[in-house]
Amino acid sequence: MSKLKTVYQCQACGFASPKWLGKCPDCGAWNSFTEERESPKTLRAKPSLAGSAAPQPLSAITGATEQRSPVGISELDRVLGGGLVNGAIVLIGGDPGIGKSTLILQAVGKIAEQFGTVLYVSGEESPEQIKLRAERLNINSDHILLLPETVIENVISYSAEMKPSVLVIDSIQTVYTEDLSSAPGSVGQIRESAAKLMYYAKKAQVPVFLIGHVTKEGAIAGPRVLEHIVDTVLYFEGDRGHPYRILRTVKNRFGSTNEIGVFEMSDSGLSEVLNPSELFLAERPENVSGSAVIASIEGTRPLLVEIQALVSPTSFGMPRRTSMGVDFNRVNLLVAVLEKKAGINLGGMDVFINVVGGFKILEPALDLGIIAAMVSSFREVPVHPKTIVFGEVGLSGEVRAVAQAEQRLKEAEKIGFTTAIIPKGNADRLKDRSGLTIQGVKDVEEALEYIRR
Ligand code: TYD
Ligand code: MG
């Protein structure tokens, strides 16, 4: 009898090694190897998309019309780049309990109404559980077929028989192929199952939604392998204490990335938030120090968000710096710039920064907003409630121009702001000044002059 062969596989990238390793030589992940039984069957005969086709000139290829079918949930269609494309595989990743299954069930409801049969494969919940959720969401249809199945070959053969308009797999971590003996959820299984699905989706021209869980570190389990295979990666994020959820495009072969869709979770499911700026600013206290509104851009979409800062004398030897929703290092950097370039010494102060609504903002235009909020809190002087700020701050205290200034200003005007403090570089080049009073500032010191007023 031959000895059972095992390999160690990196759960982050799929690298295989005959021995256990502490650090993956391929992707650099630590402690990511687990032992998996090597597959007895050879997997060499991979299905190929092209079959036995010979090379052909690009100009001779016809029939490449990209047909988009809008799902009917505009925030979802936006991140998909306009709607579903036949044969496209869309991965929706997110933390457990964030609302992936809810979102997909609502989408399925709309799709079934418009395009007919949808096959919903669930390896996580029983049909009864899904029914209960559907009742809460007011979804009922003969065209939604539930299939509690985890063997990918069976899923594909059911799907091939039924020819659904859309196939949903909830979740990719629960399905497995019988070709491999490793456990469901391991990198090998995820890769093989996804590859089989992709082959099926492209051949049968069926759009497929995959739901994927996210590991503690924030990556979709089996991340790289999966992200390469699928056409679109959407990331569902948000803070569980807040009702807002953001669906973000991370990769899209059929549209722009960095688009976002905004949803609100209620007791009857997710509803679209068509005007997020208004909603995020609804509870903003006016004339309170330590709050500033910035005009941010997410993809093509301007978004006004409130930044709050609390600056107070520290009661310990070491001042505390905490940031939520913004980069911690960025805050430290801005504190240093304030000290050196504007003479505002926060050395003995605790500094807390928070982006309201559980948002995460990484773009540099946020800098001036953080500065405004910190200084406002430090001096206990509110920023004028109808003023917005944006701009990148450099290490020598200069305020640098940012992209898409016009769009930011237009959104601010729409929501009712009257003044904008923006980089001089932007102010000088504005084509459309909106109806706002615009203050172009070249450095932090100058910005603080205007913020104080
Ligand atoms: P779910 O879609 O099951 O999350 P995932 O599939 O990402 O794990 O959503 C679970 C959470 O959503 C749960 O905590 C309850 C909440 N929820 C509502 O608040 N309202 C609703 O109508 C539904 C269906 C769920
Ligand atoms: Mg779920």
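Every number for a ligand or one of its atoms is a count from 1 in the order of the listing.
- Without hydrogens or angle criteria, Arg284 side chain to Ser291 main chain gives no donor-acceptor distance under 3.5 Å.
- Close approach of ligand 1 to Ser268 (heavy-atom distance below 4.0 Å) involves ligand atoms 22 (O).
- Note on Thr102: not counted as a metal contact of the Mg ion (ligand 2), no N/O/S atom lying under 2.8 Å.
- For ligand 1, the atoms closer than 4.0 angstrom to any heavy atom of Thr102 are 1 (P), 2 (O), 9 (O), 24 (C), 25 (C).
- Note on Glu298 versus Arg248: salt bridge recorded, some NZ/NE/NH1/NH2 to OD/OE distance being below 4.0 Å.
- An N or O contact shorter than 3.5 Å links Gly269 to ligand 1 by distance.
- In this structure, of Arg133, Gln129, Met265, Glu125, the residue bringing a heavy atom nearest to atom 19 (O) of ligand 1 is Met265.
- Annotation for ligand 1: atoms under 4.0 Å from non-hydrogen atoms of Ser266 are 18 (C), 19 (O), 20 (N), 21 (C), 22 (O).
- Checking side-chain atoms of Gln205 against main-chain N and O of Lys202 turns up a donor-acceptor pair under 3.5 Å.
- In this structure a side-chain-to-backbone donor-acceptor pair under 3.5 Å is missing from Gln308 to Ala373.
- Listed by number with element, the atoms of ligand 1 under 4.0 angstrom from any heavy atom of Ser101 are 2 (O), 5 (P), 6 (O).
- Using a non-hydrogen distance threshold of 4.0 Å, Gly94 does not register as a contact of ligand 1.
- Residue Pro96 approaches ligand 1 through these ligand atoms, each under 4.0 Å from one of its heavy atoms: 8 (O).
- At a 4.0 Å heavy-atom cut-off, ligand 1 does not touch Ile211 at all.
- Side-chain atoms of Asn354 do not come within 3.5 Å of backbone N or O of Val356 as any donor-acceptor pair.
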Ser296 vs Glu363, side chain to side chain donor-acceptor pair (under 3.5 Å): CA-CA, chis, key distance, verdict: CA-CA 8 Å; Ser296 173; Glu363 67 151 356; 3.0 Å; yes

Derivation and outcome, side chain to side chain donor-acceptor pair (under 3.5 Å), residues Ser101 and Asp170: CA-CA 7 Å; Ser101 301; Asp170 187 359; 2.8 Å; yes

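- What sits closest to atom 4 (O) of ligand 1 on the protein, heavy atoms only, is Gly99 N, 3.1 Å.
- Because its NZ or CZ atom is both nearer than 6.0 Å to the ring centre of Phe390 and within 45° of the ring axis, Arg408 counts as a cation-pi partner of that residue.
- Considering only non-hydrogen protein atoms, atom 14 (O) of ligand 1 sits nearest to Gly97 O, 4.1 Å.
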